[in-house]
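Here is how names work: the chains are called A, B, and so on, in the same order as the sequence lines, proteins then strands, and each is numbered from 1.
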Amino acid sequence: MRRYNPQQLEPKWQKVWRDSDLYKVDMSRTADKYYIIPMLPYPSGDLHVGHWYNFAPTDTLARFNRMLGRNVLSTIGFDSFGLPAENAAIKRGIQPAQWTYSNIKTMMAQIDQIGASYDWSHTLTTSDPEYYRWNQWLFLQLYKHKLAYRAKSLVNWCPKDQTVLANEQVVGEKNVCERCGTPVVQKDMEQWFFKITDYADRLLDDLEQVDWPTKVKTMQANWIGKSQGALIKFKVKDSDTSIEVFTTRPDTLFGATYMVLAPEHPLVKQLATSEQKSKVADYVRETERKTELERKEGEKDKTGVFTGAYAINPANKEELPVWIADFVLAQYGSGAVFADACDERDFEFAKKFGIPLKPTVIPEDEIEAQKVKDLEYAYTGEGVLINSGKYDGMSTSEAREKIVADLAKDKIAKEQTNYKLRDWLISRQRYWGTPIPIVYCDDCSIVPVPESQLPVALPEDVTFELNSRSPLAAREDFVNTKCPNCKKPAKRETDTMDTFVCSSWYFLRYLDNHNNRAPFDNAIINKWAPLDHYIGGIEHAILHLLYARFVTKFLHDHHGLDFDEPFKKLTNQGLILGPDGQKMSKSRGNVVSPDEQVTSYGADSLRLYLMFMGPYEQGGPYSMGGIAGTRRFLERVWTLVNEFADAKQVAMADTEAVEIAVATHKTIKKVTKDLETLGFNTAIATLMSFVNELYKIKVKQGLSRTWSWKQSLETLVQLLAPFAPHISEELWAELGHENSVHISSWPLWDENLVKEEMLTLAVQVNGKVRAEIVVEADITEHAAIEAAKSDERIVKLIAGKHVKKTIYVPGRLVSLVT
RNA sequence: GCCGGGAUGGCGAAAUUGGUAGACGCACUAGGUUUAGGACCUAGCGGAGCAAUCUGUGGAGGUUCGAGUCCUCUUCCCGGCACCA
């Protein structure tokens with residue numbers, strides 16, 4: 001018998017598949033199309049186990065669906081713009097393009113080792129001009145519809161990476177840069193934004209339509225942060241100005257005893273009275289000095305100063321002192337709040353500064369209500385109104401509407417919805433990205449580059465100077481151009497786009513990646529998109545997935561896409577940890593190299609192990625012993641098939657034939673069901689059990705070469721094919737097939753064979769299992785109970801006792817209660 | 001603080017959704033086999049006990065003939081958000 005040698009047979013089959021274009025998709029066949037891809041990888045230079053964990057199971061699903069007869073398209077590409085290329089270039093004195101494309105070459109070879117069924121004719125690399133010109137096209141479409149705009153505002157600046165960042169790219173408690181972990185600072189700059197906020201409601205509502213993990217949906221919903229309330233105008237005493245306030249609790253308006261503005265609020269200077277002016281100015285200066293982080297740290301200890309001004313409560317005409325405090329955020333709502341006893345922060349602030357409070361909402365519970373009246377704590381829940389004039393006795397929910405409606409008559413209030421979502425800041429002060437296709441002309445101001453002049457090419461030979469502006473800004477030949485409008489000398493925009501623009505629509509370009517007249521042909525896109533299944537890490541829960549949804553919705557509205565959600569189904573694979581249970585990192589020395597695992601065990605063993613180690617969405621520590629186990633399993637499969645192929649003709653008894661058929665069909669059913677629900681680990685466990693069973697039969701019966709045995713082996717190989725494609729292909733050929741197992745039809749099970757003829761029932765007495773009885777599957781309830789009662793052990797246990805109750809669960813158990 | 005997810009043998013995990021807890025794999029033990037092996041085959045393997053049996057799914061209660069699964073309370077772990085008015 002030949003030895004199982006994955007190092008030899010895996011590359012062999014990879015070459016056969018490639019040379020025969022086995023996975024080439026007929027794009028014209030769309031009725032049963034199935035489009036499944038892993039998230040676009042960044043070409044960091046080395047494929048790690050996490051990539052394998054993303055790509056291999058995705059490929060298993062692609063292969064499973066292909067065998068089910070669907071026209072499966074799966075491919076992969078590279079998200080190749082971005083900062084690491086620049087850092088590497090500076091460090092090594094080479095061009096970012098050179099570093100990037102050499103990494104891609106290495107990674108392509110590594111990806112080949114996985115044995116995935118990609119149609120490589122659909123691949124793309126986002127740093128190619130053929131791709132990024134369409135990023136520029138997208139920018140121009142957004143600009144045309146006033147959804148790309150330039151504005152000056154406070155933005156997040158990463159001092160290390162020397163660029164601004166989108167809100168989504170600032171993470172963690174300490175507001176750090178998502179890439180490098182440096183705390184960001186606020187800077188006032190003029191930048192390009194995409195108006196994602198126009199889509200806030202749809203981005204929220206349409207989450208209901210998609211089959212995504214609830215966790216991701218919740219995270220997106222929280223990020224969008226919709227809250228409904230009212231905008232209420234407060235007149236400033238002895239002045240023409242008024243202060244607008246956003247509140248979700250207009251029902252508490254009568255309880256307002258003071259107001260607070262953010263220190264950055266535009267009215268602050270104007271409101272401060274002469275005697276308070278210097279204190280206010282000091283406080284504002286102090287706030288400006290504080291970093292975002294220091295402000296957050298001050299959460300527990302609230303600070304603020306009185307402006308000297310008073311506002312009039314429109315509800316009861318009471319005068320409210322106006323304060324400024326940094327717990328009120330300038331960016332949210334209108335940067336001003338009215339404060340009352342129904343809010344913990346307001347309550348705390350009032351106590352600290354000796355501002356009076358007035359309870360206006362009390363809970364149902366009388367004891368609690370008394371405590372609230374005595375101002376023992378801030379009651380923030382729903383309840384009944386007091387101290388609120390004609391609204392007394394009303395429920396909070398009713399009062400919320402009535403008060404706004406009444407004030408609306410005098411145009412003092414109106415209903416308002418607020419979002420936490422901010423517009424997407426896409427400018428980056430970096431070189432290695434898509435140039436923003438904009439020209440600045442002294443006469444014509446901001447001029448978009450005409451579509452016919454795309455791409456605005458990124459020069460690929462640049463010089464980096466330490467701590468200087470982007471190399472693009474230093475390139476005179478790039479910067480100096482002619483105004484497309486008036487033809488006078490003008491300057492190009494030197495910022496590039498956020499790389500998340502690249503990844504926001506690449507899955508559409510995959511489908512029509514050679515199109516040089518348009519980003520894609522709608523006729524193709526509308527047949528093949530949206531994706532049937534998208535698989536990637538949870539780290540993109542907000543960033544990439546939100547942007548891709550936004551861009552898809554935009555293209556739906558303005559470019560004729562039939563669909564407005566890009567990913568029908570989403571799965572997040574878990575995180576693979578080092579063998580020590582810690583996150584893999586070079587400094588910890590716990591990095592498992594997939595290349596080494598492939599060398600020692602083979603790609604099939606690695607694929608199988610990754611899918612067998614636990615639930616796919618859970619991840620977990622990598623175990624060296626675990627992969628040895630899946631390799632052993634493949635060896636056993638190898639042995640079974642090869643022994644069969646080598647065996648002399650021997651007949652097998654009919655009883656074994658039935659036994660084998662039953663085991664086979666049960667296995668088909670279970671593996672099929674498991675694959676449908678992404679239960680890779682249990683599917684593989686089922687295959688292992690099946691192999692164990694075949695071994696037992698083999699030992700009992702001796703080596704056989706019969707029709708039913710061959711059928712079982714063929715089925716086994718087919719069921720294994722999506723998981724371990726190379727060995728399956730080899731064994732399929734060994735069993736005499738000329739065509740690839742990967743385009744064979746997925747086995748079907750016969751429900752009659754899956755049904756047991758005899759089954760084992762548990763017999764419980766008073767809830768405890770006391771015996772097992774073997775009965776015919778179609779046994780009646782009466783017969784089952786009689787059989788249970790006549791079991792030797794049960795007879796002893798119930799002797800002399802009265803059986804009060806009998807429960808029969810078909811196929812499971814008989815329970816007797818005495 | 002708020003919102004998710006979780007806790008099952010020495011380890012990774014299963015459990016038809018209220019019905020025989022621990023499938024499958026790792027590790028381990030014994031036997032066989034092999035020139036040898038960390039290879040292969042067979043068997044055993046939650047804990048206690050010679051055994052019958054008892055006990056066991058983070059903890060405490062509850063519902064039920066029956067609870068890993070449902071309810072109440074609680075501890076711990078992981079993830080996300082966090083002064084959002």
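- In this structure, Lys302(A) NZ and Asp326(A) CG are separated by 9.0 Å, a value rounded to the nearest 0.5 Å.
- Across every strand in view, rG19(B) sits in a pair with rC65(B) that passes the Watson-Crick or G-U test at under 3.5 angstrom.
- Taking only side-chain nitrogens and oxygens, Arg631(A) never comes nearer than 4.0 Å to OP1 or OP2 of rC26(B).
- For a distance-only test at 3.5 Å, the side chain of Gln618(A) fails to qualify as a donor-acceptor partner of the base of rG6(B).
- A donor-acceptor contact closer than 3.5 angstrom links the side chains of Ser712(A) and Thr664(A).
- Comparing rG56(B) with rG10(B), their P atoms sit 16 Å apart, to the nearest whole Å.
- Across all strands shown, Arg3(A) has no heavy atoms under 4.0 Å from either base or sugar-phosphate atoms.
- When distances run from any side-chain atom of Val769(A) to the nucleotides rC65(B), rU20(B), rC41(B), the shortest one goes to rU20(B).
- Of the charged side-chain nitrogens involved, at least one lies within less than 4.0 Å of a carboxylate oxygen, so that Glu635(A) and Arg631(A) count as a salt-bridged pair.
- Here, rU63(B) and rC70(B) have their C1' atoms 8 Å apart, quoted to the whole Å.
- Neither side chain, Gln331(A) nor Arg422(A), offers a donor N or O lying under 3.5 Å from an acceptor on the other.
- Across all strands shown, Gly333(A) has no heavy atoms under 4.0 Å from either base or sugar-phosphate atoms.
- The side-chain contact (heavy atoms from CB on, under 4.5 Å) test with Leu675(A) singles out one residue from Thr60(A), Leu719(A), Thr682(A), and that residue is Thr60(A).
- Looking at heavy-atom distances under 4.0 Å, Pro621(A) makes no contact with the nucleic acid at all.
- The nearest whole Å value for the distance from the CG atom in Leu813(A) to the C1' atom in rA21(B) is 14 Å.
- By the 30° and 60° cut-offs, the orientation of the rings of Phe353(A) relative to Phe349(A) is tilted.
- Annotation: rU29(B) and rC78(B) have their C1' atoms spaced 36 Å apart (nearest Å).
- Nucleotide rC28(B) forms a Watson-Crick or G-U wobble pair with rG44(B), both donor-acceptor distances falling under 3.5 Å.
- Closest to the side chain of Pro615(A), out of rA14(B), rU42(B), rC83(B), is rA14(B).
- Rounded to whole Å, the P atom of rC40(B) lies 37 Å from the corresponding atom of rG6(B).
- Across rU53(B) and rG5(B), the matching P atoms stand 42 Å from one another, rounded to whole Å.
- Glycosidic conformation of rG6(B) is anti; the angle lies outside 90° of 0.
- Ring geometry for Phe234(A) versus Phe338(A): interplanar angle of 30 to 60°, hence tilted.
- Note on Arg770(A): every side-chain N or O is 4.0 Å or more away from OP1 and OP2 of rU20(B).
- Counting non-hydrogen atoms under 4.0 angstrom, Lys768(A) reaches the backbone sugars and phosphates but no base.
- One interatomic measurement links the two molecules: OH of Tyr609(A) to C1' of rC24(B), which rounds to 13 Å at whole-angstrom precision.
- Atom NZ of Lys233(A) sits in a sparse spot, with 12 or fewer heavy atoms from other residues, nucleotides or ligands closer than 6.0 Å.
- An anti base is found at rU57(B): its glycosidic angle is more than 90° from 0.
- Neither OP1 nor OP2 of rG80(B) sits under 4.0 Å from any side-chain N or O of Thr218(A).
- Put simply, Arg632(A) has a side-chain N or O that comes within less than 4.0 Å of OP1 or OP2 on rC40(B).
- Taking atom P in both rU35(B) and rA30(B), one finds a spacing of 22 Å when rounded to whole Å.
- Taking the nucleotide of RNA chain B with the nearest heavy atom to each of Asp346(A) and Ala685(A), the more 5' of the two is matched to Ala685(A).
- OP1 or OP2 of rC24(B) has not a single side-chain nitrogen or oxygen of Asn681(A) nearer than 4.0 Å.
- The nucleotide rA13(B) finds no pairing partner, because no Watson-Crick or G-U wobble arrangement with both distances shorter than 3.5 Å includes it.
- Rounded to a whole Å, the CE atom of Met688(A) is 12 Å from the C1' atom of rG12(B).
- Nearest nucleotide to the side chain of Gln764(A), out of rA85(B), rC65(B), rA43(B): rC65(B).
- The CD1 atom of Ile538(A) sits 14 Å away from the C1' atom of rC3(B) (whole-angstrom rounding).
- Across all strands, Ser623(A) comes closer than 4.0 Å to no nucleic acid atom at all (heavy-atom distances).
- Nucleotide rU57(B) is matched to nothing when pairs are restricted to Watson-Crick or G-U wobble geometry with both distances under 3.5 angstrom.
- Each of Thr248(A) and Gly614(A) was assigned the nucleotide of RNA chain B with the nearest heavy atom; the assignment lying further toward the 5' end belongs to Gly614(A).
- Nucleic acid contact for Arg793(A): sugar-phosphate only, since backbone atoms but no base atoms lie under 4.0 Å from a heavy atom of the residue.
- Distances from the side chain of Thr247(A) to the nucleotides rU42(B), rA85(B), rG12(B) place rA85(B) closest.
- Straight-line distance from the CG atom of Asn692(A) to the C1' atom of rU42(B): 12 Å, rounded to whole Å.
- Side-chain contact annotation: Tyr609(A) with Gln597(A), donor-acceptor N/O pair under 3.5 Å absent.
- Glu635(A) has its CD atom 15 Å from the P atom of rG25(B), to the nearest Å.
- With a cut-off of 3.5 Å on both Watson-Crick or G-U wobble distances, the partner of rC76(B) is given as rG6(B).
- One can place NZ of Lys302(A) at 12 Å from C1' of rG1(B), the figure rounded to the nearest angstrom.
- Using a 4.0 Å heavy-atom distance criterion, Asn766(A) is classed as a sugar-phosphate-only contact.
- Nearest nucleotide to the side chain of Lys805(A), out of rC65(B), rU42(B), rC81(B): rC65(B).
- rC76(B) and rG59(B) have their C1' atoms separated by 10 Å, given to the nearest Å.
- For Tyr332(A), counting side-chain heavy atoms from C-beta on, the closest listed nucleotide (rC65(B), rA85(B), rA43(B)) is rA85(B).
- Between Lys583(A) and rC78(B) there is no side-chain N or O to OP1 or OP2 distance below 4.0 Å.
- A gap of 26 Å separates the P atoms of rG9(B) and rC73(B), to the nearest Å.
- The shortest distance between the side-chain N/O atoms of Lys215(A) and the OP1/OP2 oxygens of rG5(B) is not below 4.0 Å.
- Here the P atom of nucleotide rA82(B) and the CZ atom of Phe327(A) are 18 Å apart, to the nearest Å.
- rC83(B) makes up no base pair with any nucleotide shown, lacking Watson-Crick or G-U wobble contacts both under 3.5 Å.
- Within a 6.0 Å radius of CD in Glu676(A), other residues, nucleotides and ligands contribute more than 12 heavy atoms.
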